[in-house]
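Remember, it's a predicted structure, so these values are computed and weren't measured experimentally. So that the names make sense, note that chain A is the first sequence line, chain B the second, and so on, each numbered from 1.
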Protein chains: 2
Amino acid sequence: MERIVSAALDIIDRDGLDALSMRTLAAELDTGTATLYRYVNSKEEVLVEALDAVLGEIQLPETYSQASDWRSQVAAGATALRDGLRSHPNITPLLAGSVPIGPNALKGREANLDLLINAGFAPPTAVRLHLAIVHYVIGFVLAESPESAVYGTQYKRTLKRYYQRLPADTYPSITALADQLTTRDNDQEFAFGLDLILDGIERHAGVKPARGRKTR
Amino acid sequence: MERIVSAALDIIDRDGLDALSMRTLAAELDTGTATLYRYVNSKEEVLVEALDAVLGEIQLPETYSQASDWRSQVAAGATALRDGLRSHPNITPLLAGSVPIGPNALKGREANLDLLINAGFAPPTAVRLHLAIVHYVIGFVLAESPESAVYGTQYKRTLKRYYQRLPADTYPSITALADQLTTRDNDQEFAFGLDLILDGIERHAGVKPARGRKTR
DNA sequence: ACCTGAACACCGTTCAAGT
DNA sequence: ACCTGAACACCGTTCAAGT
């Protein structure tokens, strides 16, 4: 049950996504593989529930229900999502190619939509703003997470050197900017991109909505 | 060699990422699995090269070297990246958890950086703008791609109905906006989010740079 | 009735044996 | 010298056999 999901997350955190198999999971729980199938339909289901468990650990900012401007609330929500995913970096590749719809994913989505609607955006606009922000955050988190099984770790370690050693005539900008492209301050860069979107929202909407209008 | 990569991409496009194994790949090429290892070091290498081949198919907008405003050039580049990835949707999960650094990935990155620098942005700023845009595009493409192996197809098919049937008291916004959250016009929505970022860039920089300043 | 060892049909990769 | 069938050590999942 949730003991299974919790053990699966332990293995993923400790040894990586590839280290999780029904056999290693059974061993972690001191049982046999076949026994797992009495509580769980498939490995896929375990992965989906593990991802939703991670989303459930995210601390939704308390300011959501308080009187503060929507911009800092949206920023806090996006930051909380990134931080939550970063605390289990090995599971983030599961975000690829699908939209989480577990209960905790829905809770976060609902809170974010409520916030935007409460800020005064028309509901269809709120949906688009919500999705644009989520796409940015997920794209960012995937890029900063440790490599999936597809790439070896050594690539990222020596990425800067790799960029620097490229032919400068073919790649003048990349070689010149190897430093900025690799040894970046992720927190600052995340905030930079998020601010671009938030600036765009302000400009797009021309909205400076009422502070903390109550939802209902 | 590149016949192997091409065959791998055929299998991925036709039958999905999971359908590619060294055995199916060998069968596609009418040979044995062991033979593949004379040309390739690992399956991982095949996947990396297949992804880079997809990136190589992307038509970089010709306007890059012409005299047009930077905003439409950036938009064209982002759209080209999305379109290229959408033409091989089954391979997009490989974008998770790593940064492509194959020759074609580098070519696109270089072109995008050159464009931004040429538009008048300071190089370190250009890097951040480039990365913010790329993260948004990748986040978007992953969300609109068919599910990876982790999720079943039936989820997305009935996602709208799933949203609608959620308890409306717990999820008022999601249930009310089930339509907008699912039956969206992806092209329009992609442009919407991209425009947010571009608006943010204009506002952030206060830059309306010279048109088509030559790179060198 | 509940549990699970062992099996099935797969993997990626290697290597001894064939030509 | 080059190629590859067969094997190795794994997978996810199932089911007959055990308790």
Side-chain angles (χ1 to χ4, degrees), chain A residues 1-53 90-91 93-94 96-98 146-155, chain B residues 1-53 90-91 93-94 96-98 146-155:
Chain A
M1 215 51 63
E2 71 261 8
R3 269 190 71 227
I4 293 179
V5 173
S6 165
L9 201 47
D10 286 345
I11 293 172
I12 291 170
D13 286 342
R14 190 199 323 131
D15 303 323
L17 198 51
D18 290 341
L20 179 71
S21 74
M22 296 307 271
R23 283 167 176 81
T24 59
L25 182 53
E28 183 89 1
L29 293 163
D30 280 316
T31 182
T33 54
T35 311
L36 296 175
Y37 285 87
R38 297 203 59 74
Y39 305 97
V40 137
N41 289 314
S42 64
K43 183 186 178 184
E44 177 184 317
E45 187 181 294
V46 175
L47 291 173
V48 168
E49 294 204 15
L51 179 58
D52 199 64
N90 291 339
I91 211 176
L94 295 186
S98 73
E147 292 66 9
S148 70
V150 175
Y151 290 84
T153 317
Q154 71 281 9
Y155 272 111
Chain B
M1 212 55 61
E2 71 262 8
R3 270 190 69 228
I4 294 180
V5 173
S6 166
L9 201 47
D10 287 344
I11 294 172
I12 292 170
D13 287 341
R14 190 199 324 131
D15 303 322
L17 198 52
D18 289 343
L20 179 71
S21 74
M22 296 307 271
R23 283 168 175 80
T24 59
L25 182 53
E28 182 89 2
L29 293 162
D30 279 317
T31 182
T33 55
T35 310
L36 295 176
Y37 285 88
R38 297 202 62 74
Y39 305 96
V40 136
N41 288 315
S42 64
K43 182 185 179 185
E44 176 183 315
E45 188 181 293
V46 175
L47 291 173
V48 169
E49 294 203 15
L51 179 59
D52 198 64
N90 291 340
I91 211 176
L94 294 186
S98 74
E147 292 67 5
S148 71
V150 176
Y151 290 83
T153 317
Q154 69 281 11
Y155 271 110

**OP:** With the side chain of K43(A) defined as its heavy atoms from C-beta on, choose the nearest nucleotide among dT13(D), dT4(C), dT13(C).
**Re:** dT13(D)
Subject >> Euclidean distance, atom CG of residue L36(A) to atom P of dC3(C) [Å, nearest integer] >> reply: 12 Å
Subject >> Length of the CG-P vector between D18(B) and dG12(D), whole Å >> reply: 12 Å
**OP:** Determine: side-chain N/O of T33(B) to OP1/OP2 of dT13(C), distance under 4.0 Å, yes or no.
**Re:** no
Original post:
What integer distance in Å separates D30(A):CG from dC3(C):C1'?
Top reply: 16 Å
Subject >> T24(A), nearest nucleotide to its side chain (from dT4(D), dG12(C), dC11(D)) >> reply: dC11(D)
Original post:
Knowing that exactly one of T24(A), L36(A), T35(A) qualifies, which makes a side chain to side chain contact (heavy atoms under 4.5 Å, CB included) with L29(A)?
Top reply: L36(A)
**OP:** Looking at every strand, decide which applies to L25(B) at a 4.0 Å heavy-atom threshold: base, sugar-phosphate, or nothing.
**Re:** nothing
Original post:
Taking the side chain of S21(B) as its heavy atoms from C-beta onward, which of dT4(D), dC11(C), dA6(C) lies nearest to it?
Top reply: dC11(C)
**OP:** Could you please name the partner base of dC2(D), counting Watson-Crick and G-U wobble pairs only when both distances are under 3.5 Å?
**Re:** dG18(C)
**OP:** Could you tell me the separation between the CD1 atom of I11(B) and the CG atom of L20(B), rounded to the nearest 0.5 Å?
**Re:** 5.5 Å
**OP:** Please report the shortest heavy-atom distance between M22(A) and T33(A), naming the atom on each side.
**Re:** O-CG2, 3.5 Å
**OP:** For T35(A) and for R23(A), find the nucleotide of DNA chain C with the closest heavy atom, then tell me which residue's nucleotide is more 5'.
**Re:** T35(A)
Original post:
How long is the gap from CG on L25(B) to CZ on R23(B), to the nearest 0.5 Å?
Top reply: 12.0 Å
**OP:** Nearest whole angstrom, please: distance from the P of dT13(C) to the CG of N41(B).
**Re:** 10 Å
**OP:** Starting at atom CD1 of I11(B), determine the distance to atom P of dG12(C), rounded to an integer number of angstrom.
**Re:** 11 Å
Subject >> Distance, rounded to the nearest Å, where E45(B) contributes CD and dT13(C) contributes P >> reply: 10 Å
**OP:** Grab the CG-C1' distance between L20(A) and dG12(D) for me, whole Å please.
**Re:** 11 Å
**OP:** Looking only at side-chain atoms of R38(B), point me to the closest of dC2(D), dC11(C), dG12(D).
**Re:** dC2(D)
**OP:** Would you mind telling me which of dT13(D), dT4(C), dT13(C) lies closest to the side-chain atoms of M22(B)?
**Re:** dT13(C)
**OP:** Tell me which nucleotide among dG5(C), dC2(D), dC3(C) gets nearest to the side chain of A34(A).
**Re:** dG5(C)
**OP:** Counting Watson-Crick and G-U wobble pairs only, both distances under 3.5 Å, name the nucleotide matched with dA7(C), or none.
**Re:** dT13(D)
Subject >> Interatomic distance where OH belongs to Y37(A) and C1' belongs to dC3(C) [whole Å] >> reply: 16 Å
**OP:** Compare every heavy atom of L9(A) with every heavy atom of A53(A), then report the nearest pair and how far apart it is.
**Re:** CB-CD2, 4.5 Å
